[in-house]
Amino acid sequence: MSHQILIVDDEPNIVVPLQFLMEQNGYSVIVAQSGEEALEAVSKYRPALVLLDIMLPGIDGFEVCEIVRLNPEWKDIKIIFLTAKGRNVDIAKGMVLGADEYITKPFSNKQIVDSVKRLLEE
Amino acid sequence: MKVKHKFGWFIAIYAGFTALLILVSVFLLWYQLTLHEKDLFKNVFSPYALYIITAVVFIIAGFGLIVEWMFRAYIAPIRKLPGEVALVFSANPSHRIGIEGSLDFKRLVEQINAGAEHYEALQKNVSQQIDTAMAELAKERNILAAMMAELPEGILICNRDGQIILYNTQAKRFFNEQVVMLKGEPGNNDDGGGPSGYEEKRFLGIGRSVFGLIDRNVIQHALDEMHVHLDRNEENVASSFVLTAKGNRLLRGRTVPVLTSHREFSGFIIIFYDITQGLRSEARAEFLLQSFQNRIRHSTTSIKSAIGIMLEYPNMDPSRKARLTEIIQNESKALGHLIQNSAEEALLQNKKEWPLVPVLADDLIEAFRKKAMTILGVELILEKGGGDGRVRADTYSMLLILLFMLERVVRTTDGEKYFCGFSTTDRFVHIDISWEGSAVKLGQLRKWENQELQIEREGLPLYFKEVLDHHEAEVWPHYNRELGGRACLRLYLPAFKSSTEDTNRIAAVLPEERPEFYNFDLFNQPGQNPDLDDCLLADLPYTVFDTETTGLDPSGGDRIISIAAVRIVKLRMLSEERFDHLINPERDIPAETTKIHGINADMVRAKPRIDRILPMFYQFVADTILIAHNAAFDMRMLQIYEEQTKIKFSNPVLDTLLLSAVIHPAHDNHNIRDIADRLGVDIIGRHTAIGDATTTALLFLKMIPLLGNMGIYTLKEAREASQKTYYARLKF
């Protein structure tokens, strides 16, 4: 059974290529455009990995990450922050909140695919 | 007891005692007589009894008249004389004694008045000399004060106890009448009251405490830090802090100590810089940079990812390929817009540092004509008819641009006559310099662009192109048949159409009188919390106030409709620091009281209610002694609102009516008009709250030396003397 990946981003122009990329690599994809939608999708589908943007309408990516990590039932879900926030303090904050990886935009397709594969094979 | 009554009682007792003696003597004599003698007596006097009684009545009446005459001729005038003499030789040298009395008394008064004339002449002479010397000093002081007033920084100078002894206009703009939200209830110093809050208006003023204006902790921290620097003998002893002021301004305060020649701390200066705009600009720039960065990251991610996929999967579904192509196109377009917008925003940001002001093109070319003559010796012929052209410019650098062009034209072409005019279009104002001669080539113009704006001995260390760019202006050779074949250089300046006025600074005007923004005597203030009772009257801060009301019966429902106050600090009335408000009494105003104070229902209908005004008044009078004429009435009026507003005025109070009775006990009248006549004070706006408060303040200032003559120097002495007067027993 292929892993399920949740892409959380409010920018369709980023979601479309990412979705295609993940699907081409054999993953099934769910998309959420806000923090609230993301939490709903996590609860409903229990995805193996979340590609999470930080700047979202409503609940932001940091808060989504915190909520997921505070729920013991979701402790196995991998989280990768994909964000334009490239300051060191943002990266540190993301890691402290329990993200597995922090990738700043712009990233290469290879970088993102490699990270997803590595985390899902662990 | 009044003197007249006292004298009346004395005479009555004396006459009664004499009558009693006579009656007793007659009674005893009657008992000594034999029956025969008694009959004889009766027979002799009975027929004349009516005459005898009439004679006795006349004798008593004559005695009464003599007593009355003696009182008016000698006793009453002599009682009044000391007060009148003291008045002439202290508060009002122009006052002349006009007391009626006996001939001897009149002669005495004439001699005293002659002495007063002489004294007044001498005093005027001395005053003139003092005034001349003071005028010179005042002129210099006012120049300094005007400069202080126009500084862009707010300045507060305080003595060591935090009392404000100087402030400037900018500080007034920053702090005066600042509204802050406090917890608890008004009038209660305990800030940690209930959850409900109230608004408090804070007043800036001479003699007021800086701690009542700015958070005590902030100032105390700055002072502590400053003392540490001083103790270490460091060069930089200033301490800085940030705070918010009126209108959500963010200020940076810088505290520096004022030291005596022995390096003793005697006060401190706080300089406030308005950093709101600067921070806003910085925040805006930071925000722009962040947005720019984020947007670029998003767009490049999308483009990079889409291109990567298209390269990696060349045989993908055509619809998906089209979608990815669309993403690349959209994001590329978004990037283009982003770059354009950011550049414009950055340009706008830069302009704030080099401000351009609206100016009429007419004024600009007229100034250009004059400068061309004085600097270059070139006579420019102005061509009128350009309409109402208006541009935004830094006029000096724009004039240099025009002079620069003219100077080069004169130098490089063979022109004889030079013309200048302007025309307007929707978007531009064109300023044309034209001449009869050869034209300027584009190549020449390009060379000018990187030259510094230097003409003869004038100039700026800026490049021609740089100044043009800042004005978003361009210069171009122009060919126009209307100019009759003349060569022309046209300056294109964006037309300015906004009707909003720029906030220009108003010229500093030297005040004729001393601006009441400072009082350096306060450096010698005894302390922030002195024992008020033992303080000299001359040293205390006062708020002199008056109320106008719907009537004279507070308990019967009459209410305040106007309240006004002025402050006195160090024996100087600060008319700049005044409180003057009309109040909606929420009831009718009887026509008979409107006749007195001129306030009718229409005038107060839209005014705030007492529960808005009284908290402000409470702040205004904080830490001062209250003064009013017939204060018992005004204080009773304020007391009426205690329950409604939760405000209780606990300031010490002095009453000019009672003080007048202390100073002039022999006078029967102590209303404002009579006291003002006696003390030589001009009445200002009688029966308006602010007018009466101002007049009362002037009267009080005149009373302080008169009280001193009577050995009354402190607040306690003044209050105790007031309490002994007849009028102190009146109640409302």
Side-chain angles (χ1 to χ4, degrees), chain A residues 5 7-29 31-35 51-57 60-62 80-91 93-94 101-117, chain B residues 242 279-346 349:
Chain A
I5 291 177
I7 300 174
V8 189
D9 203 314
D10 59 330
E11 294 276 345
N13 288 350
I14 286 184
V15 173
V16 170
L18 262 183
Q19 186 175 0
F20 178 78
L21 206 58
M22 292 301 123
E23 284 169 355
Q24 287 300 315
N25 282 277
Y27 303 114
S28 65
V29 174
V31 175
Q33 292 190 329
S34 68
L51 292 172
L52 184 58
D53 187 21
I54 290 175
M55 286 174 294
L56 294 169
D60 70 11
F62 285 134
I80 299 177
F81 274 123
L82 291 183
T83 177
K85 279 182 168 289
R87 296 182 309 166
N88 287 339
V89 66
D90 293 320
I91 297 170
K93 192 174 167 187
E101 197 147 341
Y102 195 105
I103 298 175
T104 54
K105 295 173 183 174
F107 45 78
S108 69
N109 291 344
K110 185 175 181 312
Q111 185 186 2
I112 193 82
V113 172
D114 286 353
S115 293
V116 169
K117 277 184 180 164
Chain B
V242 171
L279 279 186
R280 256 186 221 148
S281 300
E282 271 179 38
R284 178 81 192 137
E286 174 74 19
F287 173 76
L288 281 176
L289 187 68
Q290 280 295 326
S291 316
F292 185 77
Q293 210 179 32
N294 290 344
R295 201 52 248 172
I296 290 231
R297 281 177 189 270
H298 277 300
S299 293
T300 45
T301 304
S302 302
I303 294 169
K304 198 174 165 186
S305 193
I307 292 173
I309 290 169
M310 284 166 84
L311 290 174
E312 203 172 330
Y313 307 97
N315 300 322
M316 71 172 77
D317 174 358
S319 66
R320 200 175 284 272
K321 199 170 187 176
R323 176 75 184 101
L324 290 175
T325 311
E326 189 190 357
I327 287 174
I328 293 168
Q329 279 172 342
N330 288 345
E331 292 297 337
S332 308
K333 213 167 159 183
L335 272 180
H337 282 303
L338 178 70
I339 289 164
Q340 177 65 25
N341 293 344
S342 303
E344 281 171 12
E345 186 86 29
Q349 203 70 21

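Quantities reported herein were computed from a predicted structural model and do not represent experimental measurements. Computation of the quantities below employed the complete heavy-atom set of this structure, encompassing side-chain atoms and omitting hydrogens, waters and symmetry-equivalent molecules. A, B, ... follow the sequence lines: proteins, then strands. Residue 1 opens every chain.
- Listed by chain and number, the residues in a ring-ring contact (aromatic ring centres under 6.0 Å, His included) with B:Y313 are A:F20 (sequence neighbours excluded).
- With a 4.5 angstrom heavy-atom cutoff, A:N109 touches chain B only via side-chain atoms.
- Put simply, CD on B:Q329 and CG on A:N13 are 11.5 Å apart, with the number rounded to the nearest 0.5 Å.
- Counting heavy-atom pairs closer than 4.5 Å to chain B, the top-ranked of the candidates A:E11, A:M55, A:K105, A:Q24 is A:K105.
- Every residue meeting the salt bridge (charged side-chain N to carboxylate O under 4.0 Å, His left out) condition with A:K110, not counting sequence neighbours, appears here in chain and number order: A:D114.
- In this view, A:E101 and A:S115, A:R118 satisfy the side-chain hydrogen bond (donor to acceptor under 3.5 Å, both in side chains) rule, not counting sequence neighbours.
- Proximity to chain A (any heavy atom under 4.5 Å) is restricted, for B:M316, to the side chain, taken from C-beta onward.
- Residues B:S305 and A:I14 are not in side-chain contact: their nearest non-hydrogen atoms beyond the backbone lie 4.5 Å or more apart.
- Within the 4.5 angstrom heavy-atom criterion, only side-chain atoms of B:Q290, from C-beta onward, approach chain A.
- The contact between B:L324 and chain A is made entirely by side chain atoms (from C-beta outward), counting heavy-atom distances below 4.5 Å.
- Within residues 293-303 of chain B, the residues having any heavy atom closer than 4.5 Å to a heavy atom of chain A are B:N294, B:R295, B:R297, B:H298, B:T300, B:T301, B:S302, listed by residue number.
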